[in-house]
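Each chain gets a letter, A, B and so on, in the order its sequence line appears, and its residues count up from 1. The structure displayed is predicted, hence computed values, not measured ones. For the numbers below, each heavy atom of this structure counts, side chains included, while hydrogens, waters and symmetry mates do not.
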2 protein chains.
Amino acid sequence: MARKQGSHAEITGPKVRQAALRLFARHGFAAVSMRQIAAEVGVQAGALYLYTPDKQTLLFDLMRDHMEELLSDWQVPEGCAKLALEAFTRHHIRFHLARPELVFIAYMELRNLEPRNFAVIEGLRKAYEDQLESILKRGVATGRFAVPDTKLATLAIIAMLTGVTTWYREGGRLDRDAVEGIYWDMVRKAVAVE
Amino acid sequence: MARKQGSHAEITGPKVRQAALRLFARHGFAAVSMRQIAAEVGVQAGALYLYTPDKQTLLFDLMRDHMEELLSDWQVPEGCAKLALEAFTRHHIRFHLARPELVFIAYMELRNLEPRNFAVIEGLRKAYEDQLESILKRGVATGRFAVPDTKLATLAIIAMLTGVTTWYREGGRLDRDAVEGIYWDMVRKAVAVE
DNA sequence: GTCTATAGCGCGATAGAC
DNA sequence: GTCTATCGCGCTATAGAC
């Protein structure tokens with residue numbers, strides 16, 4: 001397919017999303033201007049509107065794609081609930097450490113979504129929580145786990161695991177495998193039958 | 001002390017802080033304008049500057065006062081590490097559930113602080129984390145707790161407990177005491193010697 | 001596809017009347 | 001202590017040249 005001089009749509013589109021991702025994560029959606037994003041990409045502000053209808057959609061697309069990838073990347077293992085819980089724990093940490101900026105945005109910018117967009121993201125988030133809760137329920141039903149309230153335990157575990165993104169830094173004291181192991185140890189014990 | 005007609009400094013000052021608290025928590029610091037705050041208080045935008053030098057200070061004062069109260073409200077119990085950990089857990093949940101808006105702001109608006117203000121808040125946050133870590137270290141030293149890494153466990157526990165503010169609603173399925181008990185059960189088991 | 005220019009608006013903060 | 005008025009600026013989004 002022929003390409004006009006100065007035409008870089010295939011490159012510039014992703015670069016716009018990438019720049020928005022970095023700046024939203026660093027400064028927050030409301031604090032970032034379209035001019036800043038354009039400067040990061042290396043185009044004029046007006047040119048951004050070739051790649052997104054508006055600033056809100058830029059945010060929503062980042063969050064929706066992130067949540068959909070989180071869900072599609074994960075398959076509940078069938079067998080033993082304990083193995084499923086370990087797989088969930090390790091996958092959650094791996095997935096979140098691999099894309100800290102998206103995680104941060106998906107967590108912090110919910111209130112900047114328009115109501116319709118918010119509902120979509122909340123639905124995806126709920127679906128993800130249900131994955132963990134079903135594992136906990138399974139373990140409780142088979143007597144492998146002891147949790148007083150599966151819904152609350154689901155939220156507590158996800159909060160604990162997601163917190164890893166607030167302090168983990170590449171090249172720090174612990175590598176990713178070590179972090180996974182330590183968190184799994186705490187999760188395992190927290191739901192254990194005494 | 002005589003009061004001029006139309007003078008309401010003793011009332012308006014706190015109302016400004018209160019309005020800023022509500023609006024920052026709901027929409028985020030960067031998304032809230034001084035005009036919105038003024039409208040909430042029932043004065044004109046210019047009048048706000050009688051009570052704060054600028055918008056940044058309004059945010060910083062809310063966060064600093066919150067963190068200082070969090071610290072001053074808490075005294076580490078001397079004796080048994082397990083009792084100290086239970087006291088910390090229950091106090092953390094009680095304190096956070098009692099002021100969800102301040103908690104939300106202290107957590108979400110760190111990146112909107114100027115560097116000097118950020119350093120102050122980070123210092124207070126670190127001091128609070130140290131309270132919990134010292135309890136965990138004490139328990140590990142006396143063989144009451146088994147945690148592979150006290151620093152990581154500190155952050156994991158705080159993340160888990162603070163997460164309660166994201167879902168707890170007054171008048172919901174569980175009251176505050178029940179929530180405290182359930183979280184304490186998970187924390188207790190997570191650090192337990194097997 | 002990207003540019004320049006700009007419409008139309010809201011912002012934080014200040015000045016000065018009352 | 002609060003008001004009105006305003007400065008100077010930056011914002012999102014669009015129009016139209018190239």
Side-chain angles (χ1 to χ4, degrees), chain A residues 1-24 26-62 109 111-117, chain B residues 1-24 26-63 105 109 111-117:
Chain A
M1 167 174 148
R3 190 182 300 177
K4 293 175 194 167
Q5 271 196 341
S7 166
H8 304 287
E10 301 87 352
I11 300 169
T12 308
K15 276 174 77 180
V16 169
R17 290 172 54 93
Q18 184 74 13
L21 169 65
R22 288 194 47 217
L23 291 168
F24 290 167
R26 182 123 50 191
H27 307 291
F29 173 77
V32 171
S33 70
M34 294 298 267
R35 284 169 168 80
Q36 282 175 271
I37 297 171
E40 183 97 352
V41 174
V43 299
Q44 295 297 313
L48 295 180
Y49 292 87
L50 294 167
Y51 307 101
T52 182
D54 52 31
K55 192 184 169 192
Q56 166 75 201
T57 304
L58 212 42
L59 174 63
F60 175 61
D61 286 348
L62 286 171
E109 305 297 353
R111 62 184 163 188
N112 286 306
L113 289 174
E114 289 166 4
R116 207 164 292 127
N117 293 340
Chain B
M1 167 172 149
R3 191 183 298 177
K4 293 175 194 168
Q5 273 196 342
S7 166
H8 303 288
E10 302 87 352
I11 301 169
T12 308
K15 277 174 74 179
V16 169
R17 289 172 55 92
Q18 185 74 12
L21 170 65
R22 287 194 48 215
L23 290 169
F24 290 168
R26 182 122 52 190
H27 306 293
F29 173 78
V32 172
S33 70
M34 293 298 268
R35 283 168 169 81
Q36 280 176 272
I37 297 170
E40 183 98 351
V41 174
V43 298
Q44 295 298 313
L48 295 180
Y49 292 87
L50 295 166
Y51 307 101
T52 181
D54 52 29
K55 192 184 171 194
Q56 165 76 201
T57 305
L58 211 44
L59 174 64
F60 175 60
D61 286 348
L62 287 171
M63 292 176 72
I105 289 172
E109 304 298 352
R111 61 184 165 188
N112 286 306
L113 290 173
E114 290 166 4
R116 208 163 290 127
N117 293 339

Determine the contact category for A:Val32: base if any of its heavy atoms lies under 4.0 Å from a base atom, sugar-phosphate if only primed atoms, P, OP1 or OP2 are that close, otherwise nothing.
sugar-phosphate
In whole Å, I'd like the distance from the OH atom of B:Tyr49 to the P atom of C:dG12.
6 Å
A:Val43 side chain: which of C:dC3, D:dA13, D:dG1 is closest?
C:dC3
Between A:Gln56 (side chain) and A:Glu114 (backbone), is there a donor-acceptor pair under 3.5 Å?
yes
For atom CD1 of A:Ile37 and atom P of D:dG10, their distance in whole Å
17 Å
Salt bridge present between A:Arg111 and B:Glu109 (N-O < 4.0 angstrom)
yes
Can you say whether a donor on the side chain of B:Arg35 sits under 3.5 Å from an acceptor on the base of C:dG12, or the other way round?
yes
Whole-Å gap separating P (D:dA13) and CG (A:Leu48):
10 Å
NZ of B:Lys55 versus P of C:dG10: gap in Å, rounded?
16 Å
Ignoring backbone atoms, establish whether B:Thr12 has a side-chain N or O less than 4.0 Å from OP1 or OP2 of D:dG1.
no
Rounded to whole Å, please give me the gap between CD in A:Gln36 and P in D:dG10.
12 Å
What integer distance in Å separates B:Met34:CE from D:dG8:P?
21 Å
Less than 4.0 angstrom between a side-chain N/O of B:Gln44 and OP1 or OP2 of D:dT4, yes or no?
yes
Nearest-neighbour nucleotide for the B:Ala47 side chain, D:dA13, D:dT2, C:dA13 considered
D:dT2
Would you tell me if any nitrogen or oxygen in the side chain of B:Ser33 comes within less than 4.0 Å of OP1 or OP2 on C:dG10?
no
Round to the nearest Å and state the distance from A:Leu50 atom CG to D:dA13 atom P.
14 Å
